[in-house]
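In what follows, a structure is listed as structure tokens, so that the remarks can point back to it.
Quick note: residue numbers are just sequence positions, from 1.
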Amino acid sequence: MREQIFAPLDLYQNELKAKHEKNVGEYLDTLVQKSGIDGEKNAKTVSAYEKHTADIKTYQSQIEKQKSKRAWLIFLIIGAFFAGVIVLCKYLPLQKLRITLIVVLLAVAVFLICYTCKKLNATIRATNENLQDLKDKADALLDEAYGQTAGLNALFSDYDATDLVSKTLPCLRFDSYFTRARLYEMVNAYDYLIRASEQECVLNVLSGELYGNPFLFEQYLNHYTSFRTYHGSLTIHWTEEKQDSNGRWVQHSRSQTLHASITKPEPCYDIHTCLHYGHDDAPKLCFSRQGKHAEDKTEGQLKRTLRKGEKNLQRLTAQALKRDENFTELLNTEFEILFDATNRNDEIAFRYLFTPNAQEEMLKLLLNSECYGDDFDFIKYKKCNTVRSEHTQFNGIDTSAKRYYSYSLSEIKERFTRLNCKFFESVYFDFAPILTISAYQQPRISDTKIQKEDLCCYNYEILANKLQEYLMPYGAISQAIFKTELLEKNDEQEKIAVTAYTYTAHERVHYERVYGDDENWHEVPVYWTEYIPARKRSVMLVVYTEESRKSMQNPYVTHQGVYACVL
């Protein structure tokens, strides 16, 4: 049985952070040794490439300076010619002599321009030749550097990040694939609400088990309609007659700029990432709280927040007694105020989960400024616990191996270490609010079977998003929501119907009647964009093996070991 975590923040700071850095470093050293890469040779190649790159920038700068010099000299010559013409016309009365001198000036100007262009063009041409030679050498060095790191790049896997997390934290195990069985388990046994709406599609998922209890990280695209205000203007002119001080009627020109605006709908899209954790304890309890960045408050601000919160708790308690509602304030007032889950529907179940130790550990998380602090929402809907943190919105849940690829061994090491340490920190502190609850660490024996061929709709939507350039309708100008449907399935492949929901745009003009100071109505043009819904239905082929992938004729993408292309 895996040990429980009673103090998630202290455990990370005192043990897990250093342990994960060590695991990442050791794993990377193993891959480097296995690849057989010559670090010194690669460093020399990279240094030579970077030197050539710097020289290329120098030559490009020289070319730009020469072109600028050429343009200025031509401008000065032409300016001098016209200045000479003006002087001759003004001070030389003899027409024949004036014309002769103008012709001479023109000839001199043409000669100087030709001479300038010839000299500078020769310099530019020579610099360009040297530049092209440098580019060829730089490209060759870059190819050589990539060849040196190719063996190491090929060893990276999309599962490296999750495997390393599980090595550091054995109670957390990730699935190789997000399967239909796992999705059905979350929906049917743990009250997870599947994203079946045409307003949402899934971009990425990570699933697995914490102490045998299922979890799901999901990143999804949400579509909604917003409204945009367009503005237009029209300047009008008219003449008015007024008497001056002498009694005469004088005309005055007047003008006015008329303004108009209209509001029209436009599509908007947001990307959200959240963690869902299923557990059987307190199966009917529901509550929600929002992150308020308590860690950013000064001591004075925190005291004011607590004083204001105490008054609010007194009001809620009085209302509960008056209305015979189910609310009783906790003894730990600081936790009650800062966690702020007063909309709970079961006081006994809430106290069962949030024991005094859980309350203290949650407060540590909320007030810690080094590890994200109070940046998360926590929503419990029956058996489904959802954590949505700000840091995961920025860090994401991408574990693809291509993030580490580079021509430089030193850059590969920096990327691999930085990205995996940040991934562990981000994932851990999404689980941290859950880990403060000791009841949620009770082990469960899972019987969910993970099979590669048991893909679900989320996998198809992820693959469709990777193929979106081939699935979008003609003229689409916005992002798309992809929804899928299984058409055919056998042991080797699946055919999936993909429908892309998006928009095309058409420029329109609306004329708004506005009354002007000239006592007339005018039509002010307001240009706006009309977004028209568009959709396209395509067929996507999904295969499970590298051998099947080799038979694909069209460009393909991959996710969690499966491949897809558009038929």
Side-chain angles (χ1 to χ4, degrees), residues 61 64-93 95 98-99 101-102 105-106 109-110 112-113 116-117 199 222-271 472-481 501-535:
S61 177
E64 291 302 318
K65 289 180 180 178
Q66 293 296 330
K67 288 181 178 179
S68 178
K69 181 179 179 182
R70 181 180 61 188
W72 274 108
L73 286 174
I74 292 173
F75 174 77
L76 289 174
I77 292 169
I78 294 174
F81 167 74
F82 282 107
V85 170
I86 292 172
V87 170
L88 289 174
C89 291
K90 186 174 182 180
Y91 296 105
L92 193 61
Q95 184 176 1
R98 186 168 63 236
I99 293 173
L101 291 176
I102 289 174
L105 281 177
L106 179 61
V110 171
L112 290 175
I113 290 174
T116 300
C117 289
Q199 308 303 315
N222 177 55
H223 162 258
Y224 62 97
T225 299
S226 182
F227 291 90
R228 177 181 175 184
T229 300
Y230 298 84
H231 300 274
S233 62
L234 175 69
T235 301
I236 58 174
H237 302 270
W238 72 96
T239 301
E240 291 182 348
E241 287 189 343
K242 292 185 178 180
Q243 282 185 318
D244 60 13
S245 56
N246 298 320
R248 294 176 300 180
W249 288 93
V250 180
Q251 289 188 338
H252 294 274
S253 295
R254 290 195 57 192
S255 65
Q256 180 189 15
T257 300
L258 305 178
H259 298 274
S261 62
I262 57 172
T263 300
K264 295 291 182 179
E266 70 172 359
C268 294
Y269 298 85
D270 286 335
I271 295 178
M472 297 288 277
Y474 176 77
I477 51 81
S478 71
Q479 293 177 273
I481 299 295
Y501 297 89
T502 182
Y503 292 86
T504 58
H506 296 273
E507 298 301 319
R508 310 293 191 197
V509 59
H510 168 80
Y511 291 95
E512 185 79 7
R513 284 173 56 85
V514 178
Y515 193 73
D517 289 346
D518 62 349
E519 300 182 351
N520 291 311
W521 287 94
H522 301 271
E523 291 189 334
V524 179
V526 181
Y527 294 91
W528 63 283
T529 303
E530 181 182 11
Y531 294 93
I532 301 174
R535 67 173 63 183

Check: What do the steps show when you test I532 against H506 for side chain to side chain contact (heavy atoms under 4.5 Å, CB included), and what is the final call?
Finding: CA-CA 8 Å; I532 301 174; H506 296 273; 3.2 Å; yes
For residues [X] and [Y], determine if any side-chain heavy atom of one lies less than 4.5 Å from a side-chain heavy atom of the other.
X: Q479; Y: T502; answer: no
X: V526; Y: S261; answer: no
X: D518; Y: Q256; answer: no
X: K242; Y: E240; answer: yes
X: D517; Y: W238; answer: yes

Does atom [atom1] of [X] have more than 12 heavy-atom neighbours, drawn from other residues, nucleotides or ligands, at distances under 6.0 Å?
X: Y515; atom1: OH; answer: yes
X: Y474; atom1: OH; answer: no
X: Y269; atom1: OH; answer: yes
X: E519; atom1: CD; answer: no

Notebook entry, point to check: Should the pair Y503 and H223 be assigned to parallel (<30°), tilted (30 to 60°) or perpendicular (>60°) ring geometry?
Noted result: tilted
Note to self: I need the K264 NZ to R508 CZ distance, nearest 0.5 Å.
What the structure shows: 10.5 Å
Note to self: As an exercise, state the distance from CG of L112 to CD1 of I78, rounded to the nearest 0.5 Å.
What the structure shows: 11.5 Å
Next item on the list: Could you walk me through whether T225 and Y531 pass the side chain to side chain contact (heavy atoms under 4.5 Å, CB included) test, one step at a time?
Entry: CA-CA 11 Å; T225 299; Y531 294 93; over 6 Å; no
Checklist line | Evaluation steps, side chain to side chain contact (heavy atoms under 4.5 Å, CB included), between T239 and R254 | finding: CA-CA 6 Å; T239 301; R254 290 195 57 192; over 6 Å; no
